[in-house]
Amino acid sequence: MGSPLIKDTFREIRKTRGRFFSIFAIVGIGVAFFAGVLASAPTMRYNADLYFDEYNLMDYRILSNFGITEEDVAEIRKIDGVEGVMPAYSTDVLVSVGDAESVVRIHSLDLEHLDPNDPQYLNQLHVVEGRLPEKSGECVIEKGKVVENSLEIGDTIMLRSGTDEAIEDSFSTMQYTVVGKVETPYYLSYEKGSSTIGGGTVNLFAYVPMEDFDMEVYTEVYVTVSDAKALNSYSDQYFDYIEPGTSELETLGIDRSEIRREEILGEAQSQYDEGKQEYDEALAEFNEEIKKAEEELEDGKLEILSGEITLQNNKDLAQLQFDNAQKEIDDGKEQVAMLKEQSAEAEKAYQENNAEAIQQREENAAKLEEAKVVEAEKKKQLDQANAELAPLQAAANQIESKEAENERLTNENASLSQEIEELKAKNEQLEEEKGEPDANIEQIDAEIHQNNLQIEEKQNQITKNDALIQSNEAAIADLKKQYPNLQEDLELAVSEQAQAQREYDAAVEETARYQSTVEMIDRGLSSARQILDTLNAQIATSEKQIAEGEKELAEGKATAAEEFAKADKELAQAKLDLENGKKELEEKRAEGEEQLEEAREELVKAENEINQIEEAKWYVLDRNSHYSYVDYRGATERMEAIAKVFPVFFFLVAALVCLTTMTRMVDEQRTQIGTMKALGYSTAKIAFKYVFYAAFASLTGSAVGLAIGIFAFPAIIYTAWNMMYILPSIRFTTHVSLMLLSTGVSVLVTTLAAFSACYKELVETPALLMRPKAPKIGKKILLERITFLWERFSFTSKVTARNIFRYKKRFFMTVVGISGCTALLIAGFGIKDSISTIVEMQFEGIFQYDGTAVLKDGLRDDRKTEIIDELKATDQIDDVLDVYSANTTVYSDKEEIEATLTVIKDTERFAEFVDLHSRVDKTPLKLTSSGVIITEHMANQLGVKSGDEIEVVNEDGIRKTVKIDGIAENYVGHYVYMTSSGYKNTFDLRASTNSLLIQVNEAYSQDDSASAQVITAFEEVETLSFFTSIRNNFRDMIQSLDFIVVVLIISAGALAFVVLYNLTNVNISERLREIATLKVLGFHDREVNAYVYKENIILTLIGALAGIYLGKLLHLTIMVVVELDTIMFGRNIELFSYFISVIITLLFAVIVNQAMKKKLKAIPMVESLKSVE
Amino acid sequence: MSAYIEFENVKKVYKMGEIEIEALAGVDFQIQKGEFVVIAGASGAGKSTILNILGGMDTCTSGNIFVDGAEVSKMNARELCDYRRLDIGFVFQFYNLVQNLTAKENVELATQICKNPLNIEETIEAVGLKERKNNFPAQLSGGEQQRVAIARALAKNPKLLLCDEPTGALDYKTGKAVLKLLQDTCRNHQMTVVVITHNLALCPMGDKVIHVKSGRIEKIEQNEHPQSVESIEW
């Protein structure tokens, strides 16, 4: 190997940088992918083990169904090779977090051993926020990853029991303050395993001080083995190393558990016997009470019978009495009829007898009237006489009175005159007195004056009286002039008046006489009438008496009827009471039987429990039984499975790229090879150049690829898995063998490709090689047969069409590469689609309900119905269905899986809540009364299909074989569905419903709290969980998938770029002459570009189409591999994802084309004049 | 300006780093429409440069070139492209057929891009390849391939047929047949044909013979009676 050859090779590399770059880049990408992805799983395991070691994860967890005693712990410490021994408590409780009930696994934390360097402090906690508990009543909770809990430091939580046992049996303190948030290698995954309470999965873990537990025995003991940390616990060496410890612990377990078992067994047996006795007693009591009740009912029946007879008798008696009364009434009526006859006769006689009397009375009455007329006339005459007499009498009287007055006045005047004389005398006396010396002149003058006044007054009176006397005398004279014959006239008038008076008196007397006659007659008539009336009155009285009698009878009858009705009613009531009594007895009997049945079932369970005690032992669990350890190992295994898919593909593309590139290179250097050969160089030496060229490109490519890939991919993948696992940030480890392997493989593949490319040429003779290689003959292709189409093709299309089929290597390289690009894109977008649609498919397509409420144990059926009806009546709740739901373990020949058992009472109604159908053909599944339907992911893991048999363990630990009726589409969780009759047939126990499936009204579906309030208002509701939080968690997870898509797009782009770049490069170098000729012929740049790129575009399209299928396959592989234990990812890819993937692929092609345009433009036309090499 | 094609003091200088090489040191000649012109000279004399510049594949450093009244020397790249496309028919020494197209399709390749193409069938018949028109170049002999190339150039109906050593890769007899075809085309279709050759034996067949030497015109001969190809021997 002379230096000119090496020199030539390096010059060749410098000259053909594009070509070199193609191989370099594809190898770089391939190696980066291969080494990077392959290094990921070991890196993950390395990091996990580091984490385990740093936080002292236990090597063993020892459990016993009787618990572990202090003595047990002491015995364990004595074993050689045991380093740390940490007895601990753990139990699952219910805690309300926000609206929801969470199942929280509470672990004990020994406050005495909290030093990280203390070998006795196992499963150490890493405090992320806050601090560790320092005293009773404090706790730390998990930091959480996928499912962020809403608890914060400072919050308090209240523990509640999820089982029949009181919380006080396990804890001395029930209320805890959160003082910190922690992570621990004991829990790597957000899936923390299953629980027998609440929703069946542990939602949260928490650590409380050991002293706050109040249990007789430890629930578990954690143990570490000395010096085991030196080994990676994911290696076989680790398990080989700890193996002796395992058998020693197991041996100890057999001895210790035997001692413990004896105690427990005795206790359980006595309890069972007690229970059995109680049951027998209860049965006897029940039978006796039923008997008593039946007797009472018999008595009641007799009473009713006697009552019926008495009533009949009373009715007969009353009838008799009524008949008598009726007869009396009839007699009375007869009498009245007789009296009426008499009365009629008397009336008739009265009418006849009195006719005469009446006539007389009429006559007298007429005369009386006449007499009254006469009397009135006489009265008139009398009045007239009186009237004539009156003025005469008046005048006479007037005269007489005036004369009398005058006489009186005259007398008065005389007396007055005398008085005046007296006064005058008095005055004279007074005048005399005046002359006397002591006389009071003034007083005397006043008295004189007074007397003079009186004299004057009396004289005036005399004058007045004289005037009156004169007027009276004038009036008398006047009257005497008017009635000159007054005296005679007056006497005549008086006599006439006396005559009239006499006549009138006689007329009055006449009238009185007639009057008395009439009255006499009237009296006679009246007495006759009276007799008749008496008779009539008698009749009336009798009739009245009869009416009263009749009324009384009617009333009597009515009263009797009423009383009988009452009696009848009472009797009916008594009969009804009897019926009710019977019914009640039946109910009581049913209830009693129910209770007895329950008691019997308890005994069945208890018996089973005792049987289980027989099988009891210690469980010495190494890390292979540790959920997080195994879970994470599963993740690394899945990662390794993916790692196997990608690199093969990249190496295939690398080989094809290398092959096409080297083939072209050898073609170009045909003459040179011939010359070398002619000069006498050996085949090996000539081939060396090309093999070296390829090897150099792939070596440098590998170096760069390794430098990037071995760090970038593990980092990306580790971080991606950390979406679901809680581990510290990445620490890198070396992967020497992997690096050597990947470099070796890539060099081998490329050099082999290079060698195979030149080998064909090298075997030819130099003479042949010196001549230009006959151009590859153009061939007619199938498309040309379709003449009408072919003729429409432009020459570029024709050339392109023929070229595509002319160079098969290039065709495959491009199609494989581009399809890989599209496939990566589809897989990337598809992963997102599949995961994002789980939510919709699971919680809208399959689960048609929105949440589950778990009811307290032992509720009566009628109460459940009430709760359901009341919930349905609220606005917030649309529909509710009760089912029996419990945790179960399902066993196939190879696997066992924790699942939820749902027992359905009403399959038709259940179909409205859960749509059980097969995923592929969407046919609804039917349950038989002997089989079960299980969910798809579980069926896959168990390796069973419809028609197979599996074993199912019920809540009470009874394990039975059932047939699979069907496999249902399901994404989240594992479910076993069976009918209640199926359950009864299988376990010989009844499945009493204990959970409510709830459909929330559309209007309230956005906000759970309203509906939650309605449901939790029932104190019978123990826990309530809605799907909303799960949905939100998924949404977050899907968002973090974005960067995986970005990584895939970048990889896809790199792949597409290298492949298309290489294709174009090879094509251009091969067609240099043609392109130059076209330019000379006057083709525009655009037309020249089209001539080259049409091929790229069409190959890209073919590749993209092939990529759709490949992508689907890749996606399916990835989805199956990365699936979680309890979550099945979808298998679907949205149409849009296919579309966008193809578009992005085409975009890459366009970008490469644009980049290569310059190269085309630079081709000189003079190339066309050169001779063919 | 009476000439159909005119070169006026055309110079071409190549710069190879520091060194300047004068490929053409001032060339003047005229060609009339319908003439059959032979440009002859030894290797490196500058005849290929003349061809490149006349064919629009390269530009001159100075001087003026007119073809049918248009000044080619002033055209930009785009205009040159159209000039090649519409006005020039090229016949290459090594035929330069597209291997992946049949004889007929190679002719179509040219006609698809020009304005007034001749009938393809007739053109192919004219070059005597009617029977082989559906064959691929690899299935044709060298002479036949060159005929296809001539048909391709003719079918464009160009103003000027430029032939670069058209017989260079052909044997004597075939070469003669090709030259005959070119001469007949010139005579029958009044096509201006420029043949570039180092073979001086071909000179008598041209209407005009331009001898090039060291980047200059050595002499221009005008043959009053150009000989028919048949009578020429070499």
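To find a chain, count down the sequence lines: A is the first, B the second, and so on, and within it residues start at 1. Values below: every heavy atom of this structure, side chains too, minus hydrogens, waters and symmetry copies.
Taken from NZ in A:Lys798 to CG in B:Leu101, the straight-line distance is 7.5 Å, to the nearest 0.5 Å. Distance check, rounded to the nearest 0.5 Å: CZ of A:Arg1071 to CD of B:Gln99 gives 12.0 Å. Note that the CG atom of B:Leu109 and the OH atom of A:Tyr1091 stand 8.0 Å from one another [nearest 0.5 Å].
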Working for side chain to side chain contact (heavy atoms under 4.5 Å, CB included), residues A:Arg802 and B:Phe136 | CA-CA 12 Å; A:Arg802 288 193 182 123; B:Phe136 285 100; 3.6 Å; yes
Evaluate the side chain to side chain contact (heavy atoms under 4.5 Å, CB included) criterion for residues A:Glu1087 and B:Arg85: first the C-alpha distance (whole Å), next the side-chain angles of each, then the deciding distance (0.1 Å), finally the verdict.
-> CA-CA 12 Å; A:Glu1087 289 159 340; B:Arg85 191 177 183 127; 2.8 Å; yes
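The two residues A:Val1080 and B:Met57 come nearest to each other via the heavy atoms CG2-SD, 3.4 Å. Between B:Asp82 and A:His1084, the shortest heavy-atom contact is OD1-NE2, 2.8 Å. Minimum heavy-atom separation, A:Thr1077 to B:Arg152: CG2-NH2, 3.9 Å.
The local environment of CZ in A:Phe812 is sparse, with at most 12 non-hydrogen atoms from other residues, nucleotides or ligands closer than 6.0 Å. Other residues, nucleotides and ligands place no more than 12 heavy atoms under 6.0 Å from the OH atom of A:Tyr759. Other residues, nucleotides and ligands place more than 12 heavy atoms under 6.0 Å from the NZ atom of A:Lys1159. By the 6.0 Å contact criterion, NZ on B:Lys213 is open, its count of non-hydrogen atoms from other residues, nucleotides or ligands being 12 or less.
Side chain of B:Lys156 to backbone of A:Leu1081: a donor-acceptor contact under 3.5 angstrom is found.
Contact annotation for B:Ile113: only side-chain heavy atoms (C-beta onward) come within less than 4.5 Å of a heavy atom of chain A. Contact of B:Asn52 with chain A is made through the side chain alone, with heavy-atom distances under 4.5 Å.
Inter-residue side-chain proximity for B:Arg84 and A:Phe1083 is flagged as unmet; no heavy-atom pair is nearer than 4.5 Å.
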